[in-house]
Amino acid sequence: MRFIKVLFLLALFVFAILFFSQNNDVLLQELTLILNIPYVATLHSIPLPFGVLILTAFMAGSVMTLIYFAVDKFRSSAKLKECRTRMASLEQELNSLRNMPLSEDRPYSEVKDEDNA
């Protein structure tokens, strides 16, 4: 499995190098971002290379995905802890019921059946 992962990462790395080398002219073009808020203001960014904007968007998406999965992991851990605590208490209750002495009294259901007859 590790061999397949290494081959996949190597192919991804080669693909990225080819992409950036073949699209170097496009990625180096400068782009100015504009935010136009009507009747309030118009904001302009400094000229940035297009490749930097793509890289920034990729990194922002990666960080947001990482945060999402971290929150999900913490929720799952809390739920697992809750379930383990409940399981331990139920096991303790089961063991106490197993160790309870048996009595010679008839069960409640038998007494009820005789009354109905």
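Heavy-atom basis, side chains included; hydrogens, waters and symmetry copies ignored.
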So L31 and L53, side chain to side chain contact (heavy atoms under 4.5 Å, CB included) or not? Walk me through it. CA-CA 9 Å; L31 181 67; L53 294 174; 3.5 Å; yes
Do L48 and I46 have side chains that approach each other closer than 4.5 Å (heavy atoms only, starting at C-beta)? yes
Between the NE2 atom in H44 and the CD1 atom in I34, the distance rounded to the nearest 0.5 Å is 5.0 Å
Within this structure, what is the CD-CG distance for the pair Q29 and N24, rounded to the nearest 0.5 Å? 11.0 Å
Looking at CD of E93 and OG of S89, how far apart are the two atoms once the value is rounded to the nearest 0.5 Å? 7.5 Å
What do the steps show when you test M59 against T56 for side chain to side chain contact (heavy atoms under 4.5 Å, CB included), and what is the final call? CA-CA 5 Å; M59 294 303 293; T56 303; 5.8 Å; no
Taking the side chain as every heavy atom from C-beta outward, state whether T42 and L35 have any pair of such atoms under 4.5 Å apart. no
Going hydrophobic residue to hydrophobic residue with side-chain gaps under 4.5 angstrom, can you get from V52 over to L33? no
Should F20 and L27 count as side-chain neighbours, where that means a heavy-atom distance under 4.5 Å? yes
Neighbour count above 12 (heavy atom, 6.0 Å) for Q92 CD: no
Within this structure, what is the CD1-CG distance for the pair I4 and L9, rounded to the nearest 0.5 Å? 12.0 Å
Any heavy-atom pair between the side chains of D72 and S76 that's under 4.5 Å? yes
